[in-house]
Amino acid sequence: MSFALELSSVSKYFGEFRSLNNVSLTVQEGEFFALLGPNGAGKTTLINIIAGLSRASTGAAKVMGFDVVSQFRDARRSIGIVPQELVFDPFFSVRETLRFQSGYFGLKKNDDWIDELLHSLRLMDKADNNMRTLSGGMKQKLGLACALVVTPELLLLDEPSVGVDPISRRELWRMVSRLTDEGITVVWATAYLDEAEKCETVLVLSEGDLIFDGRPTDLAARVA
């Protein structure tokens, strides 16, 4: 059995405040995994640790078998991330943004792949538009394109549907579902139970504690 993600007794402290408490989990390659919890539960902290943007106070995390601290480069190459707060340079076009993102990972001459992403996410008609002209939903889809342009094996989505209209939300969900069909492992962080129920496995965080790890049907029965 191959794991895309392994966490062993991960805790995170900010001073005396405990954001995560001894969290352990495994996610199989190709799995669609929901990270469910209210605001302040520790979802973003956990995603930042996986992505190497923050270090755990204790414990260890591995991505595709690579330790996110001691083997950072290999682990980071496997990851695509859509953060909760998207920040884009307002002076670049959509296509330029994707080219720059590719360059950060040493990828060149991948315009065909960029075009395919723009078509899939229905952004082709905005390809040469300045970032300042995009709506919130379009920026969210561009965030997904930035994560996918580096062809990740593990995709981390931190509440990607927040502020997105219902139509764009469905398009986003269809796109992510297709990616899992293609073998990409997806971690979808959300505060909404209806989104978590569509995933294969659900992890529930509450105030930094792991309180449930199992199938959505078991969670629904427990909540009922």
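All values below come from the heavy atoms of this structure, side chains included, with hydrogens, waters and symmetry mates left out. All residue numbers refer to positions in the sequence shown, counting from 1.
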request  = For Lys108 and Gly103, indicate whether the former's side chain and the latter's backbone hold a donor-acceptor pair under 3.5 Å.
outcome  = no
ask   = Below 4.0 angstrom, N of the basic side chain to O of the carboxylate: do Asp209 and Arg18 qualify?
value = yes
query = Taking atom CG of Leu117 and atom CG of Asp112, what is their separation to the nearest 0.5 Å?
reply = 11.5 Å
ask   = With distance as the sole test, does Ser24 use its side chain to make a donor-acceptor pair with the main-chain N or O of Ser8 at under 3.5 Å?
value = no
ask   = Counting N and O atoms only, with roles assigned by atom type, does the side chain of Gln101 sit under 3.5 Å from a partner on the main chain of Thr97, one being a donor and the other an acceptor?
value = no
key: Exam field: side chain Asn130 to backbone Pro90, donor-acceptor pair closer than 3.5 Å   = yes
query = Rounded to the nearest 0.5 Å, how far does CZ of Arg132 lie from CG of Asp89?
reply = 9.0 Å
task = Compare all side-chain heavy atoms of Leu118 with those of Leu98 and state whether any distance is below 4.5 angstrom.
result = yes
inquiry  = When you measure from the side chain of Arg215 to the backbone of Glu200, do you find a donor-acceptor pair of N or O atoms at a distance under 3.5 Å?
reply    = yes
message = Between Asp74 and Arg77, does any NZ, NE, NH1 or NH2 come within less than 4.0 Å of an OD or OE carboxylate oxygen?
response = yes
query = Looking at residues at least two apart in the chain, or sitting in another chain, which of them share a side chain to side chain contact (heavy atoms under 4.5 Å, CB included) with Lys139?
reply = Phe88, Leu134
ask   = With the 4.5 Å side-chain cut-off for hydrophobic clustering, are Val82 and Met138 part of the same group?
value = yes
inquiry  = Using the rule that Ile, Leu, Val, Met, Phe, Trp and Tyr join whenever any side-chain heavy atoms are under 4.5 Å apart, tell me whether Phe32 and Leu144 fall into a single cluster.
reply    = yes
key: Euclidean distance, Asn22 CG relative to Ser9 OG, rounded to 0.5 Å   = 4.5 Å
key: Straight-line distance of Leu193 CG to Lys198 NZ, nearest 0.5 Å   = 11.5 Å
ask   = Which atoms form the tightest heavy-atom contact between Val68 and Ile50, and what is the distance?
value = CG1-O, 3.4 Å
query = Is a side-chain N or O of Arg76 found less than 3.5 angstrom from the main chain of Ile79, in a donor-acceptor match?
reply = yes
query = Looking at CD of Glu116 and CD1 of Ile114, how far apart are the two atoms once the value is rounded to the nearest 0.5 Å?
reply = 11.5 Å
